[in-house]
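Source: prediction; values computed, not measured.
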Amino acid sequence: MDNSKQTVVVTGFEPFGEHTINASWVAVQELKKLGLGKDIDLHVYEVPVDYQVVQSLVPSLWKQYHPQLVVHVGVSGMATTVTLEKCGRNHGYKGLDNSRFCPHSQCCIEGGPDCIDSVIDMESVCKRVTASGLGVAVSVSKDAGRYLCDFTYYTSLYLSRGHSAFVHVPPIEKPYSGVDLGRALQAIIQEMLDMLDQTEEKIHCQRVH
């Protein structure tokens, strides 16, 4: 790996339930075609809708790549906008996964805090992307839904001390195409990286002075 590059990992989910084509993975594959610019080393993964796999896969991604940022993408049948999730929650996991399994404890990390916020200011990202005239509506949410999306997000936030993000997308053509969603992800992640860079610069300046 080129050390001058930043590494970003983006994940989508496999099909589940009524989502025989998972819009999140379609969007992530479109993002892969677009890329995030020549200075970003982008890796994408399709995540099984399986609590136990998530518990081992998410730590392995952080360990293998030491990324600047991990962005998880999931589909929401209720969403009509591309939705930026502010936080992940630890408790309340009752829905069965694709293996018909649910954690006995109904939580992600036993003893972990109830809620972990992303270090990224999602309201600011939303405003910037909206102002760019992308043509895709973006909104912000505080509830990622207590299923594999929320479970994955919380696990990642816990491991990264908040250096993760989660984006919910609507199903394909309700109202956006996969290409539209890929473009939206590209714009959103570039803004997130820009904000992280600015935060690091501020911290660096404070240390120097």
Side-chain angles (χ1 to χ4, degrees), residues 1-13 24-25 27-47 54-75 82-89 108-109 112 115-130 132 134 136 138-142 144 148-169 181-204:
M1 270 194 297
D2 180 348
N3 289 335
S4 65
K5 287 188 170 190
Q6 290 183 320
T7 300
V8 175
V9 176
V10 182
T11 72
F13 284 99
S24 68
W25 182 234
V28 171
Q29 287 175 300
E30 291 295 338
L31 169 68
K32 178 72 173 170
K33 291 179 201 168
L34 294 167
L36 290 169
K38 63 183 188 326
D39 296 327
I40 305 295
D41 210 359
L42 172 63
H43 299 270
V44 303
Y45 279 84
E46 186 180 26
V47 178
V54 165
Q55 283 179 321
S56 58
L57 176 65
V58 173
S60 74
L61 292 176
W62 280 100
K63 193 173 178 183
Q64 182 177 353
Y65 293 108
H66 303 288
Q68 172 83 359
L69 176 66
V70 173
V71 180
H72 303 287
V73 186
V75 66
V82 174
T83 309
L84 311 178
E85 298 292 349
K86 294 176 80 162
C87 56
R89 296 178 192 275
C108 301
I109 311 279
C115 181
I116 302 176
D117 291 326
S118 174
V119 297
I120 297 161
D121 181 344
M122 298 299 176
E123 305 280 1
S124 294
V125 173
C126 183
K127 281 178 191 160
R128 287 191 195 185
V129 174
T130 301
S132 73
L134 186 68
V136 175
V138 182
S139 63
V140 177
S141 156
K142 291 182 184 173
L148 265 295
C149 291
D150 212 346
F151 190 87
T152 301
Y153 193 21
Y154 182 92
T155 303
S156 203
L157 287 166
Y158 184 85
L159 291 165
S160 66
R161 296 182 180 166
H163 283 74
S164 307
F166 197 99
V167 180
H168 263 124
V169 297
L181 296 176
R183 283 175 38 246
L185 285 182
Q186 182 190 46
I188 287 163
I189 295 169
Q190 284 170 337
E191 288 293 354
M192 287 177 175
L193 288 168
D194 191 40
M195 290 180 76
L196 282 175
D197 285 344
Q198 288 171 8
T199 307
E200 303 265 315
E201 275 172 31
K202 267 188 206 163
I203 291 167
H204 182 67

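Listed here is the closest heavy atom pair of Cys87 and Ala144: O-CB, 4.4 Å. Listed here is the closest heavy atom pair of Ser118 and Ser164: OG-O, 2.8 Å. The heavy-atom pair separating His163 from Leu69 by the smallest distance is O-CD1, 3.7 Å. Residues Ala184 and Leu134 approach most closely at CA-CD2, 3.4 Å, considering heavy atoms.
Between the side chain of Thr11 and the main chain of Tyr45, no donor-acceptor pair closer than 3.5 Å is present. Under the 3.5 Å distance criterion, the side-chain polar atoms of Tyr153 are left unmatched by any main-chain donor or acceptor of Leu148. In terms of modelled atom types and a separation under 3.5 Å, the side chain of Arg89 and the main chain of Lys142 share a donor-acceptor contact. The main-chain N or O of Gly35 is found under 3.5 Å from a side-chain atom of Gln186 such that the two form a donor-acceptor pair. One N or O on the side chain of Lys32 and one on the backbone of Leu42 form a donor-acceptor pair closer than 3.5 Å. Not one N or O on the side chain of Asp41 forms a donor-acceptor pair closer than 3.5 Å with the backbone of Gln6.
For the atom pair CE of Met192 and CG of Asp121, the computed distance is 10.5 Å after rounding to the nearest 0.5 Å. In this structure, Leu84 CG and Cys126 SG are separated by 5.5 Å, a value rounded to the nearest 0.5 Å. To the nearest 0.5 Å, atoms CE (Met195) and OG (Ser124) are separated by 4.0 Å. The line from CE of Met122 to CD of Glu85 is 8.5 Å long, rounded to the nearest 0.5 Å. Between the CG atom of Leu157 and the CG atom of Asp150 there is a distance of 9.5 Å, given to the nearest 0.5 Å. Note that OH of Tyr158 and CD1 of Ile109 are 6.0 Å apart. Values are rounded to the nearest 0.5 Å.
At a threshold of 4.5 Å between non-hydrogen side-chain atoms, the residues Val8 and Pro67 do not count as touching. Val10 is not listed as a side-chain neighbour of His43, based on a closest heavy-atom distance of 4.5 Å or more. Using a 4.5 Å cut-off on side-chain heavy atoms (C-beta onward), Val125 and Ile120 make contact. Residues Val70 and Trp62 form a side-chain contact, since some pair of their non-hydrogen atoms from C-beta on lies under 4.5 Å apart. Residues Ile40 and Leu193 have side chains in contact (heavy-atom distance under 4.5 Å, counting atoms from C-beta outward). Using a 4.5 Å heavy-atom cutoff, the side chains of Gln64 and Val9 are not in contact. Within the 4.5 Å cutoff, no side-chain heavy atoms of Leu185 are placed close to those of Leu34. Taking the side chain as every heavy atom from C-beta outward, His66 and Thr7 never approach each other to under 4.5 Å.
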CA sep, side-chain torsions, deciding dist, call: Cys149, Tyr154, side chain to side chain contact (heavy atoms under 4.5 Å, CB included): CA-CA 9 Å; Cys149 291; Tyr154 182 92; over 6 Å; no

Stepwise side chain to side chain contact (heavy atoms under 4.5 Å, CB included) check, Leu196 with Gln68: CA-CA 9 Å; Leu196 282 175; Gln68 172 83 359; 4.0 Å; yes

Worked verdict on Leu36 versus Gln190 for side chain to side chain contact (heavy atoms under 4.5 Å, CB included): CA-CA 7 Å; Leu36 290 169; Gln190 284 170 337; 4.1 Å; yes

Residue pair Val73, Phe13: steps toward the side chain to side chain contact (heavy atoms under 4.5 Å, CB included) verdict: CA-CA 7 Å; Val73 186; Phe13 284 99; over 6 Å; no

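Defined by atom type and a distance below 3.5 Å, a donor-acceptor pair is present between the side-chain atoms of Ser156 and His72.
Using a cut-off of 4.0 Å between Lys/Arg side-chain N and Asp/Glu carboxylate O, Arg183 and Glu30 are scored as not salt-bridged.
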